Number of protein chains: 2
Amino acid sequence: MSQDLLSPPARKGDRTAARIRDAALELFSRLGFERVMMGEIAAAAGVSQATLHYHFQDKSQLWRAAMLQLRAVVAEEERLLEAATDASALTQLRMAMRLFLAISWKHPALGRIVALEGMAGGERLDWLDAHLIGPRNRRLAQLAQAAIDAGDLKPFPAAQLVITLQAAGAGLINLTPMMRATFGIDTAAPDVREAHERMILDALLGGFLTHPN
Amino acid sequence: MSQDLLSPPARKGDRTAARIRDAALELFSRLGFERVMMGEIAAAAGVSQATLHYHFQDKSQLWRAAMLQLRAVVAEEERLLEAATDASALTQLRMAMRLFLAISWKHPALGRIVALEGMAGGERLDWLDAHLIGPRNRRLAQLAQAAIDAGDLKPFPAAQLVITLQAAGAGLINLTPMMRATFGIDTAAPDVREAHERMILDALLGGFLTHPN
DNA sequence: GATATTTCTGATTTCTAAGTCAGGAAATCC
DNA sequence: GGATTTCCTGACTTAGAAATCAGAAATATC
């Protein structure tokens, strides 16, 4: 989350701003933009509410700053995929799904934000589409299309296929509070996580293969 | 949505209350509780804001009333499943998934509400769990477990399996605004819907089968 | 270690949305 | 068709959260 673990952040204000961003990201992603009050963020970051306005113009700007944190996460995924462009489309897609799951566990904020804003539409979704999720998803859809063209995947519409796989992958993680309420299951438990991984990568992705191993 | 198409609703107030409930359900499910303003609901229902308070005590009560609309939908699903308790667990589960998809297209509010509140937790989730989604999901998990015990499904944790299938099934529908923003796809189009149906029922559910046909 | 700059805060203002209420209009009843 | 109840509304109050600001505290600079 912090931008650089090595350099002892130049100015004090930068560290405070980072704490605020982190707290904001956690809250915004769990609850959505309007459920979160500036006072909560301030409390979580251990500063006064006025300090939020010292570092960030207003609530919207703080939200954007928090989202930009997530871009680094996505960029890392890009980088890893980039290193494997000579593998088959199916292999790349499978790797992308594996990365997606790893990221979803490590940064559940991403999936929750997409779910929240992707359902609601509006200017925040437009911003996210432009800066965070649009390019990434279009790229994945291209990969899926290539895998279909190669005869490796069943010929479903590529965009739908990718989004559905992601929805399945992030669902359990996003719905952690519901899993607790309904089943008393703690999704953070290692066995839950391990079963989920197999479920998505083997069973679900396997269902799309034209010739399963 | 309206409670009874035959009887010309006894009192005028009942019809107005129903219009308000419908408008509230649509807005709450798309945007979540706090993103929706009472004024919006009033405008959508074509009444003044004060009228909302004449029919419903406050915003929370209106939300609950809107959610109770959904219970009728779930009850109908129950009824259909009830009529088939002598079929194999797998057959029942497949039927349940088919119903789930049909309902999700017809009443997208249900899936969106579950996603919104299931992510956030809190008192509204507790209410939903008790009145709407808990019993249903536990029942489906039992079905899945039975299908696993019968050797028809791969032995994944039943609760996770059910929730993941639902997440996959509702994902595309919930994310309609995102599909438009990122891919320009209108999920209401018949071909999108048809492909989705096959994707979930054949490919994804197929991936869980121990001996696919 | 005195000065200048940055960072932070309590108190206050502004804004927005929920909720109330008295009274007028419409429906219902006889 | 007049009386009575139900229904609805415009104008208002209240509550709460965002945003501002003057100045105090901390930090950096020399």
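Given the structure is predicted, the values throughout are model-derived calculations rather than measurements.
- Nearest to the side-chain atoms of A:K59 among the listed nucleotides D:dC7, C:dT6, D:dA19 stands D:dA19.
- Note: CD (A:Q61) to P (D:dT20) measures 12 Å, nearest angstrom.
- The nearest whole Å value for the distance from the CG atom in A:L52 to the C1' atom in D:dA17 is 13 Å.
- Closest non-hydrogen pair, A:S29 versus A:L116, comes out as O-CD1, 3.6 Å.
- A distance of 8.5 Å separates CZ of A:F28 from CD1 of A:I113, quoted to the nearest 0.5 Å.
- Distance CD1 (B:I41) to C1' (C:dA18): 11 Å, rounded to an integer number of Å.
- Of the charged side-chain nitrogens involved, at least one lies within less than 4.0 Å of a carboxylate oxygen, so that B:R112 and B:E26 count as a salt-bridged pair.
- Considering only side-chain atoms of B:V47, the nucleotide from D:dT9, D:dC8, C:dG19 that sits closest is D:dT9.
- If you take NE2 of B:H53 and C1' of C:dC21, they are 12 Å apart, rounded to a whole angstrom.
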Item to check | Nucleotide-resolved protein contact map, nucleotides 10-16 of chain D, B/S/- at heavy-atom distance under 4.0 Å | outcome: B------
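- Here the CG-CE distance, from A:N137 to B:M179, works out to 8.5 Å after rounding to the nearest 0.5 Å.
- Distances shown here put every side-chain N or O of B:T16 at or beyond 4.0 Å from the OP1 or OP2 atom of D:dC7.
- Here the P atom of nucleotide C:dT7 and the CZ atom of A:F56 are 12 Å apart, to the nearest Å.
- Here the side chains of B:V74 and B:I133 are not in contact, with every heavy-atom distance at 4.5 Å or above.
- B:Y54 has no side-chain polar atom (N or O) that falls below the 4.0 Å cut-off from OP1 or OP2 of D:dC8.
- Spacing between atom CD of A:Q49 and atom P of C:dT9 amounts to 12 Å, rounded to whole angstrom units.
- In this structure, the CZ atom of B:R15 is 13 Å from the C1' atom of D:dT6, given to the nearest Å.
- Between A:E197 and A:R98, the closest side-chain pair of non-hydrogen atoms falls below 4.5 Å.
- Comment: A:R136 engages A:E77 in a salt bridge, judged by a side-chain N to carboxylate O separation of less than 4.0 angstrom.
- In this structure, B:R19 does not reach the D:dC8 phosphate: none of its side-chain N or O atoms is under 4.0 Å from OP1 or OP2.
- Listed pair A:H55 / C:dC8 meets the phosphate criterion, a side-chain N or O lying under 4.0 Å from OP1 or OP2.
- In this structure, CD of B:Q57 is placed 9 Å from P of C:dG19, rounded to the nearest angstrom.
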